[in-house]
Amino acid sequence: MAVMRIASPATADRLPGTEPESPGDPGFALYVHWPFCLAKCPYCDFNSHVRQGVAQERFRRALLAELDHFAARTPGRRLRSIFFGGGTPSLMPPETVAAVIERAEMHWPFEGQIEITLEANPSSVETAKFRALASAGVNRVSLGVQSLDDLALRFLGRLHDAAEARRAVETALSCFSRVNLDLICGRPGQTVEAWRSELRQALAFGTGHLSCYQLTIEPGTRFFTLWRRGELALPCEERQAELWLATEEEAARAGLFRYEVSNHARPGEECRHNLVYWRYGEYVGIGPGAHGRLCWAGSRVATRTERLPERWLSRVERQGHGTVEEEQLSPRAQALEYLLLALRLAEGVDLHRLAALAGGHALSFLDVGAIERYAAAGLLELRGEKLRASPRGMLMLDRLLVDILA
Amino acid sequence: MVELSRIRNFAIIAHIDHGKSTLADRLIERCGALDAREMTSQVLDSMDIERERGITIKAQTVRLEYRAQDGRSYVLNLVDTPGHVDFSYEVSRSLRACEGALLLVDATQGVEAQTLANAYQAIDADLEIVPVLNKIDLPAADPERVKAQIEDIVGLDASEALLISAKTGEGVEAVLEAIVRRLPAPRGDATAPLQALVVDSWYDPYVGVVTLLRVRNGVLRRGQKIRFMGTGAVHQIDRVGVFTPKPRDVAELGPGEIGFITAGIKEIADARVGDTITDERRPAAVPLPGFRPSQPVVFCGIFPTDTNDYEHLRDSLAKLRLNDASFVYEPETSTALGLGFRCGFLGLLHLEIVQERLEREFGLDLVVTAPSVVYRVHLTDGTMRELHNPADYPDPTRIARIEEPWIRATILVPEDYLGAVLELCEARRGRQLDLTWVGSRAMLVYRLPLNEVVYDFYDKLKSVSRGYASFDYQLDGYEASDLVKLSILINGEPVESLATIVHRSAAESRGRAMCEKLKELIPRQLFQIAIQAAIGSRIIARETIRPFRKDVTAKCYGGDVTRKRKLLEKQKEGKKRMRQVGRVEIPQEAFLAALKVG
């Protein structure tokens with residue numbers, strides 16, 4: 001099965017339209033949301049739920065039904081990537097993963113180098129399934145290691161310890177051609193030196209991709225409650241900036257370069273799936289609470305499915321899909337989304353594309369004066385058709401974005 | 001035409017919250033002027049703002065028909081009066097339409113500063129005054145003590161004071177009887193040439209200017225040609241009517257009657273309050289004594305938040321002015337705030353009301369700069385100019401002296417809070433003129449610079465006395481003072497809209513407080529911001545806002561885009577409310593908050 005899935009160039013060439021991986025084509029991807037976790041982490045505000053038993057058969061059928069539903073509305077595409085996110089998709093039965101992949105390929109021919117990623121927790125139970133998942137077609141795994149420090153892992157409410165994490169990375173490397181490690185930095189009391197040392201250990205595994213997220217306090221999480229009570233304090237902004245810069249430096253030393261605010265990769269190892277988001281490509285989202293951006297009849301539609309797993313399931317069983325929201329995006333909204341996503345990338349924003357999305361009113365919604373001011377201050381770079389944030393600018397991207405809108 | 005002996009014109013004067021509107025409602029209800037369905041609470045407070053704040057801004061009248069115990073039917077004209085100190089001028093002109101007044105005092109609270117101020121105005125206007133004690137149904141009511149206060153402080157005989165509860169209706173019948181029996185009927189001569197006093201006028205979009213008037217002599221009829229004796233304008237009457245409180249047409253209005261006319265008048269300037277209306281064909285020889293025109297005492301700048309709203313603001317001010325001749329405005333340009341207007345008001349509450357009406361009725365989003373009083377600047381060349389705006393402060397070397405307006409304030413305060421109130425008055429450069437005792441309360445009379453009162457004196461007074469102090473004032477002339485212009489600089493650039501004129505002794509602490517407030521409210525930006533306070537070129541306070549180091553969302557994937565886009569749009573909307581000073585963005589709230597500190 002896996003062999004078949006690595007589509008031959010001949011297969012890819014049969015379809016008209018886009019060249020695979022061509023820079024002008026942001027691509028088409030499939031996101032699959034698996035909403036279940038063994039425990040809710042205190043920092044996580046994602047759509048995840050802890051359930052005693054999951055009706056596996058019904059969920060599998062529902063995912064496939066929803067996949068069929070969206071596929072009927074997006075014919076003629078070639079698929080660049082599938083991403084199983086969550087929740088904890090490593091808890092998915094491998095048969096479900098395999099079924100989704102197989103059904104996806106029935107609907108859309110795969111691009112030559114299709115990337116099929118699954119998010120996994122590094123616990124021993126899940127690691128044991130890696131080989132089965134690989135046989136199902138998964139060729140990239142994103143490991144939620146979060147830290148290589150036992151104390152930190154306990155603080156983050158993780159169910160694994162550092163030793164388990166190390167074993168998981170080793171197993172992943174032997175099962176999948178591409179592996180990403182997820183780390184969380186900016187934990188309370190974390191020093192730059194301690195972070196550098198932890199980072200070096202992580203980079204020593206030799207994975208081609210590293211995601212480092214600054215710990216953020218999100219409303220509705222346990223950390224939020226603690227933080228509001230004053231029982232949890234994040235490092236000061238100055239420290240956070242230092243941690244961010246240290247991450248970039250250490251990763252670069254290992255040959256991984258920052259290509260997005262929180263992501264580093266060896267050249268060519270960037271996550272193709274996430275690049276579809278950041279380059280504002282087209283993506284179908286299935287499963288509870290999944291979002292999509294689809295091009296229908298010349299306009300772009302934002303879709304969202306029901307968040308609650310049980311309600312999503314009954315909706316899909318009743319009507320073939322769990323969509324609860326469909327918003328036709330105005331040209332301005334599309335341009336804004338592209339801007340806020342693509343400015344996160346080191347490669348930056350393509351101004352022609354931005355103007356085209358904005359509906360021909362070329363950049364009328366940008367404050368050119370502000371852009372020039374920030375370019376002069378070294379926070380933005382305007383070269384040819386590209387607008388990019390410098391590393392210093394990227395650190396303050398949220399603020400920059402507000403300022404450069406007219 | 002109603003026969004003079006059957007007319008009673010009266011006002012209710014009271015301190016705020018002593019139950020004036022409730023009593024008015026009871027009287028209207030008792031006389032059957034409105035049916036139950038029409039009887040919304042506090043009928044006379046017609047504007048939303050009035051109803052919400054429980055205050056009356058414009059004079060309202062209502063004509064009541066009452067069959068008294070003597071078997072005769074009377075016409076009672078109730079002239080409502082504004083309750084707030086800002087509008088004391090309007091009180092005085094409303095009282096001029098009456099022969100009598102009910103002095104309404106809360107039997108649980110006793111005499112308050114406005115009771116006193118309004119009662120004195122009524123006494124000055126030679127009205128017959130009937131004291132009425134309200135809220136006697138409450139356990140805390142102490143009628144005997146309050147009667148004693150009325151006699152001691154106001155100097156009125158309270159032995160026949162009426163005891164009522166406007167809320168329950170108890171004693172309301174006795175009030176109506178007292179109006180008939182104890183208040184004098186108006187005097188006048190129906191055969192003499194027409195003389196009618198313009199009590200109020202306002203603009204109605206359907207019929208033009210409506211003029212509220214009180215006939216002294218002669219008769220007003222529909223179709224009659226009239227002349228305003230002050231302006232000389234001649235108009236033909238379209239409609240003659242009375243308010244019941246709904247407008248109701250009548251054939252004519254004779255001596256002693258209060259009612260309204262419309263006469264195709266386009267602007268309220270043509271129907272000036274205090275003017276006398278006479279018959280064009282048979283004019284009176286002399287006008288009635290008029291009113292002194294009201295003078296704005298507090299000025300501030302009003303700017304649209306969105307600079308595109310300038311025209312809309314201009315039109316809205318013009319429309320408001322149609323109904324409120326007591327506020328004035330002229331165009332003003334500010335570097336920080338763009339195009340707007342310098343506006344003058346009768347007081348702070350008046351300012352707030354106009355601002356609220358602009359925002360609510362006209363949908364405007366406004367920036368209102370610090371209120372300032374009118375200074376008299378005497379220049380070295382011997383000339384004098386009035387300063388309405390700190391931005392117009394002349395070169396200090398050309399100033400011989402500056403005079404500022406003072407007020408004479410009356411404050412009634414329970415003993416426990418006297419110390420705090422004295423401290424407040426002293427801190428505001430007050431000079432004590434008198435301190436007497438009214439039972440367990442002190443009656444303080446202070447001379448204070450108006451400048452010290454316009455910002456937050458009233459709020460502070462309420463807070464140091466836990467709401468128990470009452471306050472009223474009247475303007476009391478100009479006096480030279482050691483005043484300086486306090487400038488605020490943002491990254492070295494002076495911000496005119498933050499400039500204030502303060503007493504030299506207060507400049508430093510005020511400058512420091514303003515810098516601190518600005519530091520608190522100006523968001524950090526991508527560069528460092530220096531905030532300074534200065535007198536001339538001398539810096540007296542400084543604060544620094546450190547720049548951002550990091551502000552970026554850690555995770556942004558396919559499921560986060562919608563939320564992120566919406567947040568960005570919201571932040572951008574928020575940015576619209578920012579004002580640019582050089583490169584620095586300052587939220588409007590920061591301007592206002594900085595100007596409120598002191």
Side-chain angles (χ1 to χ4, degrees), chain A residues 29 31 33 46-47 83 85 184 186 211-216 236-242 244 260-262 273-274 276-278 280 283 285 289-293 302 304 325 327 329 332-333 336-337 339-341 344 373-374 377 379 389 393-403 405-406, chain B residues 305-308 335-336 338 490-493 519-530 544-590:
Chain A
Y31 176 78
H33 193 80
F46 278 32
N47 185 27
F83 195 104
I184 294 178
S211 304
C212 290
Y213 301 108
Q214 292 261 3
L215 179 60
T216 312
C236 67
E237 214 178 274
E238 191 63 37
R239 171 75 56 80
Q240 290 189 20
E242 285 170 13
W244 193 84
E260 192 263 355
V261 172
S262 304
H273 185 86
N274 290 336
V276 171
Y277 298 147
W278 295 321
Y280 207 40
Y283 53 96
H291 289 249
R293 286 289 181 284
R304 183 175 71 77
E325 240 178 70
E327 181 193 358
L329 297 171
R332 180 192 159 79
L336 268 185
E337 292 192 339
L339 183 74
L340 74 89
L341 288 162
R344 298 179 65 84
R373 258 199 323 276
Y374 288 129
L379 299 174
M394 206 178 266
L395 249 178
M396 295 183 271
L397 189 60
D398 289 2
R399 173 74 207 194
L400 272 180
L401 273 169
V402 180
D403 282 4
L405 291 181
Chain B
T305 301
D306 184 343
T307 47
N308 295 325
T335 40
I490 307 275
N491 276 358
E493 259 187 74
K519 179 179 181 174
E520 213 176 278
L521 291 172
I522 298 177
R524 284 185 306 157
Q525 304 189 9
L526 295 168
F527 41 82
Q528 178 165 305
I529 303 167
T544 305
I545 300 177
R546 309 211 325 131
F548 267 112
R549 274 297 277 139
K550 179 183 166 292
D551 183 14
V552 59
T553 308
K555 288 190 178 192
C556 187
Y557 295 102
D560 308 307
V561 193
T562 309
R563 188 162 40 100
K564 195 85 174 60
R565 165 174 44 94
K566 287 181 178 163
L567 177 67
L568 193 55
E569 290 277 25
K570 215 171 98 191
Q571 288 171 320
K572 212 214 104 197
E573 274 306 302
K575 215 178 94 167
K576 268 201 201 151
R577 297 189 66 98
M578 301 281 218
R579 293 296 167 184
Q580 199 91 21
V581 175
R583 290 154 68 213
V584 184
E585 280 172 351
I586 305 178
Q588 284 164 9
E589 306 87 77

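The structure displayed is predicted, hence computed values, not measured ones. Order of the sequence lines fixes the chain letters, A, B, ..., with proteins taken first and strands second; residue numbering starts at 1 for each chain.
- At a 4.5 Å heavy-atom cutoff, the contact between A:L341 and chain B is made by side-chain atoms alone.
- Residues A:D398 and B:K564 meet the side-chain proximity criterion, which asks for heavy atoms closer than 4.5 Å.
- Side-chain contact between B:K555 and A:F46: present, with at least one pair of heavy atoms (C-beta onward) separated by less than 4.5 Å.
- For B:E585, the salt bridge (charged side-chain N to carboxylate O under 4.0 Å, His left out) partners are A:R399, not counting sequence neighbours.
- The contact between A:D403 and chain B is made by backbone and side chain atoms together, counting heavy-atom distances below 4.5 Å.
- Only the side chain of A:L340 has a heavy atom closer than 4.5 Å to any heavy atom of chain B.
- For a residue to count as touching a neighbouring chain, one of its non-hydrogen atoms must lie under 4.5 Å from one of that chain's; by this rule A:V261 touches chain B with the side chain only.
- Comparing B:L567, B:L526, B:T562 by how many heavy-atom pairs each has under 4.5 Å with chain A, the most go to B:L526.
- With a 4.5 angstrom heavy-atom cutoff, A:F83 does not touch chain B via any of its atoms.
- Note: B:Y557 and A:Y213 have perpendicular aromatic rings, judged against thresholds of 30 and 60 degrees for the angle between ring planes.
- In this structure, no portion of A:L215 lies under 4.5 Å from any heavy atom of chain B.
- Contact of A:L329 with chain B is made through the side chain alone, with heavy-atom distances under 4.5 Å.
- No side-chain heavy atom of B:D551 sits under 4.5 Å from any side-chain heavy atom of A:L397.
- Of all heavy-atom pairs spanning B:R549 and A:A241, the tightest one is NH2-CB, 3.7 Å.
- Of the atoms belonging to A:A406, it is backbone heavy atoms, and not side-chain ones, that fall under 4.5 Å from chain B.
- For the atom pair B:F527 CZ and A:L379 CG, the distance stands at 10.5 Å (nearest 0.5 Å).
- Considering only heavy atoms from C-beta on, B:V552 comes within 4.5 Å of A:R344 through its side chain.
- No side-chain donor-acceptor contact under 3.5 Å links A:R304 to the backbone of B:G559.
- A salt bridge links B:E569 with A:R332: at least one charged nitrogen is closer than 4.0 Å to a carboxylate oxygen.
- Under the salt bridge (Lys or Arg N to Asp or Glu O under 4.0 Å) test applied with A:E337, the options B:K566, B:R563, B:R565 reduce to a single match, B:R565.
- When each of A:V276, A:T216, A:N274 is checked for heavy-atom pairs under 4.5 Å with chain B, A:N274 comes out on top.
- Taking chain B as the reference chain and counting heavy-atom pairs below 4.5 Å, the highest number among A:Q214, A:R373, A:H33 is found for A:Q214.
- For the salt bridge (charged side-chain N to carboxylate O under 4.0 Å, His left out) test, residues two or more places apart in sequence or in another chain that qualify with B:R524 are A:E237.
- Contact of A:Y31 with chain B is not made at all, since no heavy-atom distance falls under 4.5 Å.
- Between A:E238 and B:K550, every side-chain heavy-atom pair lies at or beyond the 4.5 Å cut-off.
- Shortest non-hydrogen contact noted between B:A554 and A:S262 is O-OG, 2.7 Å.
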